[in-house]
Each structure stands twice: as C-alpha cells, then as structure tokens.
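Taking it in order: structure first as structure tokens, then the write-up.
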Amino acid sequence: MTSERKSIHGQWSSRLAFILAATGSAVGLGNIWKFPYITGENGGGTFVLVYLLCIVLIGVPIMIAEIMLGRRGRQSPINTMKTLADEERRNDHWVWLGWMGMIAGFLILSYYSVIAGWALSYIFRTASGVFVGATADGVNSVFGDLVSDPERLLAWHTIFMVMTMIVVSRGVKNGLETAVRFLMPALFALLLMVVAYAMTTGYFMEGVQFMFTPGEIKREGVLIAMGHAFFTLSLGMGAIMVYGSYLPKGTSIVQATMFIAAADTIVALLAGLAIFPIVFANGLEPGAGPGLIFKTLPIAFGQMEAGTLIGTAFFVLLVFAAWTSAISLIEPVVAWLVENKGMNRLYASVWTGVATWFLGLGTIFSFNIWSDKTWSIPYLFKNYSFFDTLDYLTANVMLPLGGLFIAIFAAWLMRETSSRDELNTYNGLYKLWRILLRYVTPIAVIIVFLKAVSVI
Ligand code: PFF
C-alpha cells in the first residue's frame, strides 16, 4: 500500500517542521535579491502583475502536485517518479523529470552560492561601518570592488558551499527546523524596518507606483516573470518534492501550500517596497541588474539610526535565508546518491558540493575576467554572460518545463483515486485544483513559452 511507504531518510518531526523547511526553501535570495532586480529590469507594474498571476494560477497548483507526488513516492525525485510511474502503469521515461530537476538544482546552486557569498561579505562590510553616511557613489564602488576581485568572490563562495555541505551532510532536519523557526520571523521584522525607513525617504509613493502601475512589458519579461514564480517557490526541480517525501501522512498539503506561497510572496513584495523608494530617492537606476540590493540597501543602513547594527543583522539573516534554500537545492541529488549509489550522507554531500563549487567558478569569472565572454541561444537570448545564461536556462526553461511535466503527470496520468487519497481535502477544493492543473496551468506555461520565442 502506498500510504505505508516510508522514506529511508527519515521524516519531519511535525507539520510545522515541514512548513518551516519548505518556507525556508522558498524564501531566499530569490525574494530579496532577484525579485527587485528583475522587476527593475522589466519595467515594474505589469511584470509584478504577471508574476502574481503566475504564483496563483501556476505556482500554487504545481506546488500542491509536487508535494503530493513526493509524499506518495517517498524517495528522491528520480526514484519517486519511477515508483509512481510503475504504480500508475505509466512509461519509465518519467524518471527523466527527476534527472532534469537534479541537474537544474545543481546548476542553480552553483551561482546561488556565489551571490550568497556577496551577502556574506556584506555582513563584514556593513559591520565595519564603511557605509555610515556613504553616498550612492561610495556604495556603488564598494560593490564594484567586490565583484571585480575573483579571489575574494572565490573565498566567500567556498565558505558558503562548506556551510551548505555541513547542514546537508547532517540531514536536513537537524538544525534546519530551529534555524527557520527563529530566523525567518527575524528577517521579516528587519525587512519591515527597512520599509519603514523607505517611507521616510519622501519617495515611497514613487516606489509603490513603479511596482504596481501597469506599463510596458517585453515578450521576454513575461517568461522571466513566470520563471521567477517557479524559482521563488522552489518548484519544478524536485526540491519541494523531496521535502514532501519526508512529510508525515495526514498533514494537509493544500493548507501548507497556501501558507508557503503567501509568506514567500509577502517577503518579495516587502523587499520591493524597501528597495525602490531608495532607488528613486538616490537617483539610481531600477534596472541596475544583479547588484541592485547591494547598491541600495547599504545607503539606507548608512543613514538609519543604528543602521550598522540593523544592516549587519539584515545581511546575517539574508545569508540564513539563502542557506535554507541552498540545502534544498542539493537535497534531491544527495538523496539520490544515498539511495542509488549506496553512499553515506557525508560522502554524498561532499561529492556534490565539490562539483557545484567547481561550476561556481564560471559565475565568479563572469563578473570579472570573463566579463566580455558571452553566449547566445537563437530565439531565447543574445550575448548573455555565463551567469545570465545559467540563470536563464534554469529559471526560465528547466523549472517551467519540469513544472509542466509535473502538472501533466499529476493531473492527467495519475488516477483520480490516487491523488484524492493523497490530498484528502474538501471535494470542491480538490476539483478546483484538478481543473487548474489540467487546463489552466499547462496552457498558461505553454502560451508563455510560445510568446517568448515569438511564435505567437
Ligand atoms: N526559492 C529559492 C529562492 O527564492 O531564493 C531558490 C530555490 C530554492 C530555487 C530551491 C529552486 C529550488 F529548488
């Protein structure tokens, strides 16, 4: 019986533990670093609207499906897909979904760790007081100095990868639960403080208008907004599936999903409300790219009462948020190595960590010694750096594709009795979910893909 299947990796100690861990996975650099800069690059208002629509119509139904598949299969995504495909008498090729997810997680972590390294280094920069009273130019040059120095970037990237490997090797449960329980609310509180500061700049309404007044959006912007909905909710690559595989039976997947998606969205919107007023108050460019938060928030910390303390704490918490996401990025790979290659967790974590660290060099160099090396893929993008290429291919192609296949499997190929049994929710809610996942979600993903490559 499927309901009696057990994970060899253990289980969350409670429903709350799962919600915290999944929220820890979802809330990360994506919300505070990436959301503001891609919103800035894509013109604000309409981009935010498309992103919010994608969260509700695509992200939420897929998250429910992904947790459900994980809990039913109770193994790494590859083995879960194999077991469920067998059980539903479907083709074995579904294991490819697990493979693609595993590769996506590995690619994402390689650059995620480099950016988390920036945040790590900013803990010490901020604590040293260099930002006190600093001008926009001063703050800008601190960032420029950091990213143009490959050795410093490498050192921080290495430290962050080691931190990630330590937690993953001990099993995601130990340490993670406590970390998320206290640190997430603290991050939230500090974010509110920066928003409160942003209100005093005199440019708060400009920020609000930029984020919520619809305007122009490019074709590509729609794909980026959808890709970000997947990225920010950690969907389409098996991270949430593997977390679902440690979930005790009886926990309501639908309720948990609502909480995670709401918390994630609120943090992203707050980050935007904190950053854009500072951008406008200081005559900065909203489309400044990946350095945006590192060029704006320090200005606020430099001017706020107790800004050195608040700023230092903020970057500490940002690193924690990144940390709890990073471990979920390699957990699918580690779980698979343990299940299929008979490795112990420590060995599996070190092995994956070293490979990821190595690939991270590409991202480090793309900000300095490789800054003139570019890649293009016809119909998708032209002259992107190594980092932009990785980011684009994972967030905008691999995750939505993974999500599309998860939707097809859960809504079309899995028997209704199986998904009903696993979700065990109100009939109306179940029906709504299934309709969304059968029709709305896949069609929306396909339309956005076709639009991005200019077919429609
Ligand atoms: N959701 C994380 C963030 O917003 O920072 C990033 C992430 C984690 C993406 C895990 C994908 C994933 F599987």
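Here, residue 1 is the first one in the sequence, and each next residue gets the next number. In listed order, ligands and their atoms are each counted from 1.
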Which heavy atom of Met226 sits nearest to which heavy atom of Val445, and what is that distance? SD-CA, 3.8 Å
Provide the number and element of each atom of ligand 1 under 4.0 Å from a heavy atom of Leu29. 5 (O)
Just jot down the ligand 1 atoms closer than 4.0 angstrom to any heavy atom of Ser328, in number order. 8 (C), 10 (C)
Strictly under 4.0 Å, does any heavy atom of Trp33 approach an atom of ligand 1? no
What do the steps show when you test Asn368 against Asp149 for side-chain hydrogen bond (donor to acceptor under 3.5 Å, both in side chains), and what is the final call? CA-CA 7 Å; Asn368 36 69; Asp149 184 346; over 6 Å; no
Among protein heavy atoms, which sits nearest to [atom], and what does the distance come to when rounded to 0.1 Å?
| atom | result |
| --- | --- |
| atom 9 (C) of ligand 1 | Phe231 O, 3.3 Å |
| atom 5 (O) of ligand 1 | Tyr112 OH, 2.5 Å |
| atom 2 (C) of ligand 1 | Ser25 O, 3.2 Å |

Taking the ring of [Y] and the ring of [X], is the distance between their centroids below 6.0 Å?
| X | Y | result |
| --- | --- | --- |
| Tyr122 | Phe131 | yes |
| Trp351 | Tyr347 | no |
| Phe381 | Tyr392 | yes |

Counting both backbone and side chain atoms, is some N or O of [X] under 3.5 Å from an N or O of ligand 1?
| X | result |
| --- | --- |
| Thr232 | yes |
| Met237 | no |
| Val27 | no |

Given Ala322, Gly402, Ala26, Ala116, which one has a non-hydrogen atom that is nearest to atom 3 (C) of ligand 1? Ala26
Could you tell me the separation between the OG atom of Ser419 and the CD1 atom of Ile253, rounded to the nearest 0.5 Å? 10.5 Å
Does ligand 1 have a heavy atom under 4.0 Å from the side chain of Ser234, from its backbone, from both, or from neither? both
Without swapping roles, check the side chain of Arg5 against the backbone of Arg72 for a donor-acceptor pair under 3.5 Å. yes
Under the criterion side-chain contact (heavy atoms from CB on, under 4.5 Å), which of Thr126, Ile278, Val139 is the partner of Leu297? Ile278
